[in-house]
Amino acid sequence: MVNKYLYLNTIGCQMNVYDSEQIALRLAALGYQQTASLEKADLVIVNTCTIRAKAEQKAFSFLGRLARLKKKKPGLIAAVGGCVAQQEGDKIFKRIPYLDLVFGTQAIDRLPHLIQTIEKKRCRIVDIQQTDKPDFQEAQDHIFPTGQVSRFVTIMRGCDNFCAYCVVPYVRGRETSRHPDVILNEINQLAEAGVKEVTLLGQNVNSYGKKEGLGSFTELLWQIAQIEPLLRLRFTTSHPKDFDGELINAFRTNEKLCKHIHLPVQSGSNRVLERMNRKYTKELYLDKVAKLRDTCPEIAITSDFIVGFPGESEADFEETLDLIRTIEFDGLFAFKYSDRPNAPAAKFDAKVSDRQMKKRLQILLDLQETCTKKKNQALVGSCLSILVEGFSKRQISGDLNQPYQAVQWTGRTSTNKIVNFYRHGDSDNCEEIAPGQLVDVKIEKAYSHSLWGKPVERKGATGGLKGEKIYAA
Ligand code: 5AD
Ligand code: SF4
């Protein structure tokens with residue numbers, strides 16, 4: 001088979017990262033090898049995101065850059081996939097006339113056929129068909145790259161929640177769950193290839209399998225936890241309205257389930273939550289967080305916020321700040337509200353000015369920064385179990401007692417905090433370190449976005465099951 005090169009640009013969320021991996025796997029079967037060089041590419045695909053206007057602009061600015069390349073290399077195939085492709089369909093051809101292919105969020109399985117057709121006929125194709133059937137069920141015969149510690153696995157796609165600001169239900173279609181057998185098969189293959197941690201992806205994992213009668217999400221977690229070489233299990237995202245006692249208990253009972261939950265709240269004002277069509281109140285959210293912390297005190301909680309949703313007053317925003325002060329999140333993502341085509345809020349009046357949104361965003365982020373620092377600082381002196389993800393070589397200067405060069409390892413705690421540490425020479429009393437291992441690290445320094453520590457001898461903590469304990473060193 002002749003070797004051809006694929007340049008794949010992924011914009012957006014983890015689901016797009018997973019989709020891009022699926023794209024690469026399917027095109028590998030056609031002889032396309034991935035390259036990091038745009039000049040070398042025979043096929044360029046941009047997998048796009050449209051959650052906010054900024055992400056969409058990023059896609060179009062990349063496509064603009066492609067024009068020159070296409071002039072130099074007319075045989076190049078240029079394709080757009082993902083959420084912008086789904087949203088815009090053949091309208092993209094007007095804006096980017098040299099494009100060969102527009103494929104939507106449910107066309108990945110058909111991609112090899114689409115590319116082969118273009119190779120043969122040099123025609124232009126748009127495929128944004130949405131079937132809402134679980135045609136993404138079948139795992140490919142994966143040829144997994146080795147050496148990866150952590151991977152994403154999509155367990156469901158689409159969304160039925162229709163939050164007023166959100167484009168996802170329109171571009172990703174109706175909520176559809178993959179069969180547990182297919183998911184388990186894929187994770188087994190990953191585990192065999194050396195993967196130690198999987199993050200299950202879905203817009204609202206709490207409703208996994210409900211429509212199809214496939215069993216609950218918590219049951220799925222238990223089945224996956226049986227896969228022995230796997231040490232850790234994560235998931236994202238949970239919707240507060242559906243986040244229930246069964247899943248809360250799993251944080252206590254399922255030892256492979258990491259002690260972290262991302263629970264987007266979006267606003268602390270009931271008035272705004274109602275206009276957002278979120279279907280819960282601030283009180284309900286607080287109640288669920290309290291139950292979660294009662295059941296699993298060490299749980300880390302992160303969230304998403306939107307500032308400047310249409311009609312958000314200063315008083316509404318103050319309520320959001322109050323909620324942040326009350327809950328003390330471990331971290332959060334915050335966004336300025338962005339009008340999206342199709343999403344109902346685009347037609348809401350009382351839009352908040354960009355200047356106001358910027359101001360509110362900064363206030364919110366500053367408040368959270370103080371909280372994150374405080375939380376990280378509280379971990380100094382404790383010993384945490386880290387799943388090692390990788391390393392980089394660092395020069396150490398000015399310290400004559402240290403070797404000239406050291407390896408800086410990086411990994412995460414069960415609570416999803418990044419920890420960096422050195423292992424120099426044989427001065428440490430721990431075993432040899434490698435990606436995929438659990439290492440106990442005594443935390444010495446705390447920063448805003450990471451922790452710093454020293455590896456210590458493991459105190460009886462062996463596998464993933466016992467390895468997640470936090471104890472005073
Ligand atoms: N404007 C701003 N932020 C948005 N999000 C989703 N849609 C919008 C929008 N139109 C944010 C929400 C969601 C996260 C993935 O993106 O906070 O949880
Ligand atoms: Fe969008 Fe709401 Fe669905 Fe999340 S739950 S993807 S915010 S519609």
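Both ligands and their constituent atoms are indexed starting at 1 by order of listing. Excluded from the calculations below are hydrogen atoms, water molecules and symmetry mates; all remaining heavy atoms, backbone and side chain alike, are included.
Salt-bridge check for Asp322 with Lys282: failed, with every basic side-chain N at 4.0 Å or more from each acidic carboxylate O. Under 4.0 Å is where a charged nitrogen must lie from a carboxylate oxygen, and between Lys70 and Asp100 at least one such pair does. The residues Asp294 and Lys291 are annotated as not salt-bridged, no charged nitrogen and carboxylate oxygen being separated by less than 4.0 angstrom. In this structure, Glu312 does not pair ionically with Arg275, as no charged nitrogen and carboxylate oxygen lie closer than 4.0 Å. Classification of Asp242 and Lys210 as a salt-bridged pair fails, no side-chain N sitting under 4.0 Å from a carboxylate O. Comment: Lys375 does not engage Glu328 in a salt bridge, judged by the lack of any side-chain N to carboxylate O separation of less than 4.0 angstrom.
Interface of Tyr337 with ligand 1, defined as ligand atoms under 4.0 Å from a residue heavy atom, comprises 1 (N), 2 (C). Ligand 1 places these atoms under 4.0 Å from at least one heavy atom of Gln266: 12 (C), 13 (C), 17 (O), 18 (O). The atoms of ligand 2 that sit less than 4.0 Å from any heavy atom of Arg278 are 2 (Fe), 7 (S). Counting atoms of ligand 1 from 1 in the listed order, those under 4.0 Å from a heavy atom of Lys336 are 1 (N), 2 (C).
Only the side chain of Ile306 comes within 4.0 Å of ligand 1, counting heavy atoms alone; its backbone N, CA, C and O stay farther away. Both the backbone and the side chain of Tyr165 come within 4.0 Å of ligand 1, counting heavy atoms alone.
Here the two rings, on Phe329 and Phe305, have centers that are under 6.0 Å apart.
Summary of contacts: the protein heavy atom closest to atom 18 (O) of ligand 1 is Asp304 OD2, 2.7 Å. Summary of contacts: the protein heavy atom closest to atom 5 (N) of ligand 1 is Arg52 NH1, 3.4 Å. Counting protein heavy atoms only, atom 1 (N) of ligand 1 is closest to Ser338 N, 2.9 Å. The protein non-hydrogen atom at the shortest distance from atom 7 (S) of ligand 2 is Tyr165 OH, 3.3 Å.
Enclosure of atom CZ in Phe333 is not indicated, since only 12 or fewer non-hydrogen atoms of other residues, nucleotides or ligands lie within 6.0 angstrom.
Scanning for salt bridge (charged side-chain N to carboxylate O under 4.0 Å, His left out) contacts around Arg95 gives an empty result, with sequence neighbours left out. Residues satisfying the salt bridge (charged side-chain N to carboxylate O under 4.0 Å, His left out) test with Glu369, not counting sequence neighbours, are Lys373.
Considering both main-chain and side-chain atoms, Arg340 never comes within under 3.5 Å of ligand 1 through any nitrogen or oxygen pair.
Screening residues 274-296 for ring pair (Phe, Tyr, Trp, His ring centres under 6.0 Å), with sequence neighbours left out, gives His239-Tyr280.
Protein atoms that are N, O or S and lie under 2.8 Å from atom 3 (Fe) of ligand 2 are these: Cys159 SG.
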